[in-house]
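Below: the structure, in structure tokens.
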Amino acid sequence: GSGSREAVERLVRAHPVVVFMKGSPAQPLCGFSNAVVQILRLHGVEDYRAHDVLQDPDLRQGIKNYSNWPTIPQVYLNGEFVGGCDILLQMHQNGDLVEELKKLGIRSALLDAEKEKDQDKK
Amino acid sequence: GPLARTIRAKLDAALQPTHLQVLDESPRHGGPPGAETHFAVVVVSGRFAGLSPLQRHRLVHAALRTELAGPLHALAIVARTPQQGEGDSRVPPRPPCLGGSKHERRRD
């Protein structure tokens, strides 16, 4: 089924950035899922895989079993579970997210925003 | 409520926190007062020393495994060591609820 370990493994490895959430990036159905979408958007990450667990109860349980993490949303970078909304927010605030994205070959939009700020100061 | 007391008791036992706040945030997620489905916890404990945020959250989850498999739908966690101080242990502003629970397809 869609919640088996093999099925979930395929999903988390399909793309450098994979999110399991409630609703979709265009229409999140949960405040915590929306927070993940907004944080990724701030960093200019618009190309990622998002899976709506509300559409698939087997996947919803399967992803929790896979990561041994009891709640949604769940964020995976390079196939590795990173955490939920609280952890992503922490990573965003302390600069870790910019670094992790860099490792994936993704340049955070916030780096460009900072460059612009520096140029304004000249 | 009863779930809040259970959460407090289990976190006290598992983590011996120097500071612990248990907040029922269910009303912010469309539930009636006292629904006890969405909680936020602020835990200050020496047990977190040397652990990444992910590891700290997993410790909290482990203590509340039964509840998370049952009535507890969402759990926001602030996990700090006493060295990090209680001063900034505020729960970050909660994202507004978007009614997700109403869209669940339950397999009963």
Side-chain angles (χ1 to χ4, degrees), chain A residues 1-3 20-42 52-62 64-65 67-77 80-97 99-100, chain B residues 7 10 23 25-31 37-43 48 51-80 84 88-108:
Chain A
S2 55
F20 297 84
M21 61 182 288
K22 296 183 179 179
S24 66
Q27 194 178 19
L29 292 176
C30 153
F32 301 111
S33 290
N34 185 41
V36 167
V37 169
Q38 296 305 328
I39 290 170
L40 291 175
R41 185 163 294 152
L42 276 177
D52 181 359
V53 302
L54 296 178
Q55 299 296 321
D56 188 342
D58 286 337
L59 177 61
R60 183 174 180 176
Q61 192 53 52
K64 292 178 183 179
N65 295 340
S67 58
N68 193 24
W69 185 265
T71 51
I72 302 294
Q74 296 194 7
V75 179
Y76 290 75
L77 297 181
E80 211 179 286
F81 177 60
V82 153
C85 156
D86 285 341
I87 290 181
L88 198 72
L89 182 61
Q90 253 182 275
M91 291 173 67
H92 164 65
Q93 289 169 335
N94 67 17
D96 281 353
L97 185 53
E99 285 310 308
E100 290 303 314
Chain B
I7 291 173
K10 291 202 173 179
L23 306 162
E25 305 217 304
S26 314
R28 306 200 51 184
H29 293 268
T37 54
H38 295 63
F39 277 85
V41 293
V42 178
V43 189
F48 292 141
L51 299 184
S52 71
L54 192 63
Q55 290 166 322
R56 295 180 186 194
H57 287 212
R58 284 196 185 283
L59 272 188
V60 174
H61 289 161
L64 299 173
R65 184 181 305 284
T66 309
E67 290 68 33
L68 284 162
L72 187 56
H73 283 220
L75 184 63
I77 300 171
V78 173
R80 308 174 87 85
Q84 286 175 308
D88 197 26
S89 297
R90 293 160 297 162
V91 179
R94 292 289 100 203
C97 175
L98 295 172
S101 303
K102 300 196 199 70
H103 295 261
E104 287 173 11
R105 283 170 54 207
R106 292 210 167 275
R107 209 205 321 148
D108 283 324

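Values in this document were obtained by computation on a predicted structure and should not be read as measured data. The basis for the numbers below is simple: all heavy atoms, side chains too, and nothing from hydrogens, waters or symmetry mates. Chain letters run A, B, ... following the sequence lines, proteins first, then strands; residues in each count from 1.
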(request) Name the option with the most non-hydrogen atom pairs under 4.5 Å to chain A; the candidates are B:R65, B:R56, B:H57. (result) B:H57
(request) Please report the closest heavy-atom contact between A:Q90 and B:P53, naming both atoms and the distance. (result) NE2-CG, 3.7 Å
(message) Does A:E80 have more than 12 heavy atoms from other residues, nucleotides or ligands lying within 6.0 Å of its CD?
(response) no
(message) Would you call the rings of B:H61 and A:W69 parallel, tilted or perpendicular, taking 30° and 60° as the class edges?
(response) perpendicular
(message) If I take atom NE2 from residue B:H38 and atom SG from residue A:C30, how far apart are they, to the nearest 0.5 angstrom?
(response) 7.0 Å
(request) Applying side-chain contact (heavy atoms from CB on, under 4.5 Å) between A:P70 and each of B:L75, B:L68, B:L72, report the one that passes. (result) B:L68
(message) If I measure from the heavy atoms of chain B, does A:V82 come under 4.5 Å with its side chain, its backbone, both, or neither?
(response) backbone
